[in-house]
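Structure, as structure tokens:
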Amino acid sequence: MTQTPVRLHTWLRLQREDVPLAARADALCRALRGCPEVRHAYYLAWQPGACIYSHEGSGQRLPPGQGDPLEVSDERLAASLAEKGSLTLQQLRQLDCWLAGRLRRAAISHGQVFDLALEAGQRGLLLVEVREGVALDWLGWLHELLTSLLGSVNGLLRASPLLGHDPQPSLLVDAEARPLELNAALLALLGELPLAKVLRFLPVNHAALVRACLTQERAIEGVEAHCGERMLIWTYIPDPQESRVLARCREATAQILTEREAARARRLYRLITENTTDLISRHTPDGRFLDASPASWTLLGYWPEELRGQLAQCLFHPQELGQLVQRARDALEQDGYHTMTYRIRHRAGHYLWFETASRAIRETYTGVVVEVVSVSRDITARVRAEENKRRLAEVVEANTDPVLFVDPAGHITYLNPAARRALGLGAEQAMPGLAEVIVTEDLARLQREGWNCAERKGVWSIDSRLLPPGGGASVPVSMVLLAHSAAGGERYYSLVARDMTERELREAQQRKHQDELAHTARLVTLGELASGIAHEINQPLAAVVNYASASQRYLQSLASNPKAAERVAQGLERITEHANHASEVIKRLRAFLRKGQRKMQALNLAEVAREAVRLCAWEAGASQVAIEEQFPDNLPPVYADRVLLEQVLLNLLRNAIDANREAHPRQSSLIRLTAQAGDGYLAIEVRDQGPGLGEEELSRIFTPFYTSKPDGLGLGLSMSRSIIEGFGGSLDGMLGEEGGLLMRCRLPLP
């Protein structure tokens with residue numbers, strides 16, 4: 001109830017100052033709703049033309065009644081009010097009138113309706129709904145009070161004629177900052193909020209402002225207050241004689257937000273101007289600097305103060321000065337915008353590449369260019385990168401090696417001229433598929449391991465052959481797959497294929513020379529083994545002669561010796577056996593001396609090793625050297641040329657025999673010949689009991705023409721290593737654990 005007098009006072013002031021009826025009705029209803037017993041209050045004015053009561057103000061409204069609005073009327077209600085002055089809502093609901101139906105639809109039944117005219121010459125009624133259980137007898141007193149207040153409104157109020165008509169929200173407060181009166185504009189600002197909430201619209205230091213205003217007897221202006229998203233600017237005007245203050249406000253939300261946005265934009269512009277790496281500058285139409293951002297120091301070595309008044313074209317490269325300036329002026333005059341790329345001189349003397357976008361500022365009425373605003377950036381790195389790209393593109397185009405660009409899906413997207421020539425494609429022919437130009441096996445390997453390896457390591461290589469899509473001879477190439485990343489993160493690949501035709505021819509020629517050298521070495525070796533070979537042939541020949549002589553004698557005694565025929569048959573059998581043995585020896589020698597192209601085939605290493613042992617068996621026996629063979633039964637086959645592999649093993653065995661003979665003259669010694677498979681290789685080892693070698697000698701034994709023998713050429717081990725490496729294997733020498741030398745030959749398993 002503490003706010004009720006203030007509300008009534010406000011209503012009465014509005015009533016006296018004859019503000020619009022809607023504002024007075026709102027003030028009255030708001031004052032009544034301040035009573036705890038009142039649930040709601042409505043003011044309705046009489047409409048003579050329609051003969052009904054209609055709502056005034058902006059408050060809550062009753063729902064429409066039932067029936068056709070054009071045919072209904074509140075005339076009976078108006079007559080009853082004119083006669084009685086008031087009715088209970090129950091009595092009203094019994095009348096045959098439009099408002100009764102509206103009450104029934106709103107379910108309002110407890111309260112009274114009074115005949116009350118807020119506007120002179122216009123009838124009206126006040127409908128007051130009270131809470132359930134509240135007696136209605138006090139409402140008669142309320143009716144009398146309101147009627148008497150209306151009758152004496154001019155005598156009750158103090159003078160404040162402008163408060164009600166002030167278009168700005170205003171209120172009158174006492175020295176304690178308590179509200180005395182509110183004008184219609186402030187009530188409209190409050191809306192449905194209770195009067196106590198008016199403090200929400202006032203500054204937080206409202207009481208201090210009122211005291212200061214009265215004490216200092218001066219107005220206080222421009223005080224900002226916030227209510228949610230709404231912003232108000234208050235002015236406090238003192239009335240020292242009456243010890244009260246008039247507080248007026250104006251809606252400033254849009255203004256304050258605009259000012260803040262402008263200030264934010266100015267701060268942002270200043271931050272951008274002062275911190276951007278681009279040079280922002282202003283110029284006169286002839287190009288003279290008016291101002292420049294601090295980036296001028298980092299980009300050009302000049303502070304903005306040094307550039308002011310200087311012609312920008314004085315910094316341009318002489319080769320571009322003439323037509324560049326004229327073209328820029330014409331474009332700005334015609335289009336108002338121009339972008340140019342040029343070279344500009346740094347204070348240190350070197351030139352940088354700049355890209356400048358300029359916009360013309362024109363005079364509003366004449367359209368004459370009065371100023372030019374430019375934004376410039378250093379693009380030296382970009383220009384150099386583009387130049388490098390252009391040069392690289394020229395290198396790729398002029399490269400004699402075929403270059404193919406491939407996307408992650410494996411499609412060819414580019415072929416340089418060398419690649420088109422290698423594939424027999426014309427300049428206008430479509431790109432072939434990757435499967436059309438690469439051997440199937442190599443393409444499968446590329447898909448299996450190439451892409452992943454290139455992604456992880458950046459490069460992957462393979463020896464392959466390029467297949468012309470239109471047919472023709474394939475081209476041997478050494479192909480390198482490179483993985484690249486574009487600026488946007490996209491992955492792409494390039495295949496660089498070096499034509500290996502000449503290398504293939506050289507390697508074939510080299511193999512031919514190596515085979516001829518190996519054949520010569522075999523002849524030399526055979527000459528050195530001549531005595532042992534002669535012994536191996538002489539033995540079966542001597543046996544043939546003996547058995548032939550014995551058979552002749554038995555033939556002469558056929559008549560006297562009944563067993564002579566049997567002895568002759570045995571002699572012929574032995575003659576055949578030893579003759580075949582001699583033939584096998586000669587056949588092996590002819591095979592060992594074979595000359596021709598390499599014949600790669602799957603070989604049983606144990607058989608090849610035993611053939612090499614047979615060839616040097618007589619030499620080993622003459623030197624009292626025993627060769628111990630240790631071969632597992634399940635050795636896998638190796639892929640090599642039989643004669644060349646036998647030559648390598650024979651060379652290793654003969655070197656071991658020489659080492660044993662040197663370390664154990666006229667004494668028995670042993671050579672171990674072993675073989676073992678593992679890790680994808682088959683290793684055969686020759687271990688001697690010779691004097692061994694020093695570290696320096698061991699590191700040089702495979703060097704051509706290096707030998708420790710007085711009559712050696714130094715080509716045996718070098719040639720043997722080349723032969724084994726041609727098979728994809730390796731040949732190494734090392735000191736044995738028990739002394740001597742260990743030679744290990746490793747051949748890949750198929």
* To do: For D26 and L28, run side chain to side chain contact (heavy atoms under 4.5 Å, CB included): C-alpha distance rounded to whole Å, both residues' side-chain angles, the deciding distance at 0.1 Å, then the answer.
  => CA-CA 6 Å; D26 281 342; L28 177 59; over 6 Å; no

Item to complete: For I462 and L446, run side chain to side chain contact (heavy atoms under 4.5 Å, CB included): C-alpha distance rounded to whole Å, both residues' side-chain angles, the deciding distance at 0.1 Å, then the answer.
Response: CA-CA 9 Å; I462 185 176; L446 172 68; over 6 Å; no

Practice item. Check step by step if side chain to side chain contact (heavy atoms under 4.5 Å, CB included) holds for M431 and L415. Key: CA-CA 8 Å; M431 296 291 177; L415 294 170; 3.8 Å; yes

Going through the checks in order, is the ring-ring contact (aromatic ring centres under 6.0 Å, His included) test met by Y351 and H346?
CA-CA 6 Å; Y351 282 90; H346 190 274; over 10 Å; no

Could you go through Q429 and R420, starting from their C-alpha distance and side-chain angles, then the distance that decides it, and tell me whether this counts as side-chain hydrogen bond (donor to acceptor under 3.5 Å, both in side chains)? CA-CA 9 Å; Q429 286 184 259; R420 287 189 173 273; over 6 Å; no

**Request:** Show your reasoning for whether side chain to side chain contact (heavy atoms under 4.5 Å, CB included) applies to V459 and V480.
**Result:** CA-CA 7 Å; V459 63; V480 177; 3.4 Å; yes

### Message
Between E441 and R445, does the salt bridge (Lys or Arg N to Asp or Glu O under 4.0 Å) criterion hold? Intermediate values first, please.
### Response
CA-CA 6 Å; E441 295 78 7; R445 186 178 171 190; over 6 Å; no

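A donor-acceptor contact closer than 3.5 angstrom is absent between the side chains of W451 and E455. Side chains of Q255 and T258: no donor on one and acceptor on the other come within 3.5 Å.
Considering only residues two or more places apart in sequence or on other chains, E229 meets the salt bridge (charged side-chain N to carboxylate O under 4.0 Å, His left out) condition with none of them. F354 pairs by the ring pair (Phe, Tyr, Trp, His ring centres under 6.0 Å) definition with nothing, not counting sequence neighbours. With sequence neighbours left out, D239 forms a salt bridge (charged side-chain N to carboxylate O under 4.0 Å, His left out) with R244. With sequence neighbours excluded, the residues that form a salt bridge (charged side-chain N to carboxylate O under 4.0 Å, His left out) with D174 are R178. Judged as a ring pair (Phe, Tyr, Trp, His ring centres under 6.0 Å), and not counting sequence neighbours, H226 has no contacts. For F201, the ring pair (Phe, Tyr, Trp, His ring centres under 6.0 Å) criterion is met by no residue, not counting sequence neighbours. In this structure, H411 has no ring pair (Phe, Tyr, Trp, His ring centres under 6.0 Å) partners at least two apart in sequence or on a different chain.
Within a 6.0 Å sphere centred on CZ of R384, other residues, nucleotides and ligands contribute 12 heavy atoms or fewer.
For the salt bridge (charged side-chain N to carboxylate O under 4.0 Å, His left out) condition, the pairs that include at least one residue of residues 247-259, sequence neighbours left out, are D166-R248, R230-E251. Residue pairs meeting the salt bridge (charged side-chain N to carboxylate O under 4.0 Å, His left out) criterion with at least one partner in residues 203-224, sequence neighbours excluded, are E224-R260. Pairs passing the salt bridge (charged side-chain N to carboxylate O under 4.0 Å, His left out) check and including a residue from residues 278-291, sequence neighbours excluded, read D278-R377, R282-E371, D291-R308. Among residues at least two apart or in separate chains, salt bridge (charged side-chain N to carboxylate O under 4.0 Å, His left out) pairs with a member in residues 397-415 are D401-R498.
Side-chain N or O atoms of Q313 include none that pairs as donor or acceptor with a backbone N or O of F316 at under 3.5 Å. Between the side chain of Q216 and the backbone N or O of C213 there is no donor-acceptor pair closer than 3.5 Å.
Aromatic ring centres of H317 and Y342 lie farther apart than the 6.0 Å criterion allows. Between Y493 and F405, the distance separating the two ring centers is not shorter than 6.0 angstrom. Less than 6.0 angstrom separates the ring centroid of H206 from the ring centroid of Y236.
Ionic pairing of R264 and E261 is present here: one or more N-O contacts between side-chain nitrogen and carboxylate oxygen are shorter than 4.0 angstrom. With salt bridges taken as basic N to acidic carboxylate O contacts below 4.0 Å, one links R347 and E306. A salt bridge between E394 and R390 is present, with a side-chain N of the basic residue lying under 4.0 Å from a carboxylate O of the acidic one.
Inter-residue side-chain proximity for P179 and V198 is flagged as met; some heavy-atom pair is nearer than 4.5 Å. Within the 4.5 Å cutoff, the side chain of L495 has heavy atoms near those of the L434 side chain. Residues Y302 and L315 form a side-chain contact, since some pair of their non-hydrogen atoms from C-beta on lies under 4.5 Å apart. The shortest distance between side-chain heavy atoms of V439 and L466 does not fall below 4.5 Å. Looking only at side-chain heavy atoms (C-beta outward), V437 and I412 come within less than 4.5 Å of each other. Between P203 and L209 the shortest side-chain heavy-atom distance falls below 4.5 Å. Side-chain contact between T341 and W353: present, with at least one pair of heavy atoms (C-beta onward) separated by less than 4.5 Å. The side-chain heavy atoms of L180 and V173, taken from C-beta on, include no pair separated by under 4.5 Å.
Here the closest non-hydrogen pair linking A483 and A454 is CB-O, 3.3 Å. The nearest pair of heavy atoms linking N399 to N416 is O-ND2, 3.6 Å. Across every non-hydrogen atom of V369 and P285, the tightest pair is O-CG, 3.3 Å. Smallest separation of non-hydrogen atoms from S374 and H283: OG-CD2, 3.7 Å. Here the closest heavy-atom approach between residue A419 and residue P402 is recorded as CA-CB, 3.5 Å.
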Name each donor-acceptor pair under 3.5 Å that joins a side chain in residues 332-339 to protein atoms two or more places apart or in another chain, with its distance.
unit_1 : atom_1 : unit_2 : atom_2 : d
Y337   : OH     : T339   : OG1    : 3.4

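The only member of I438, V496, D442 that meets side chain to side chain contact (heavy atoms under 4.5 Å, CB included) when paired with M479 is I438.
Rounding to the nearest 0.5 Å places CG of L246 at 7.5 Å from CG of L171. Remark: N183 CG to L189 CG distance equals 9.5 Å, nearest 0.5 Å. For the atom pair L279 CG and L307 CG, the distance stands at 7.5 Å (nearest 0.5 Å). Going from atom OG of S461 over to atom CG of L481 covers 9.5 Å, rounded to the nearest 0.5 Å. Taken from CG in L352 to CG in L300, the straight-line distance is 7.0 Å, to the nearest 0.5 Å. To the nearest 0.5 angstrom, I280 atom CD1 is 9.5 Å from S376 atom OG.
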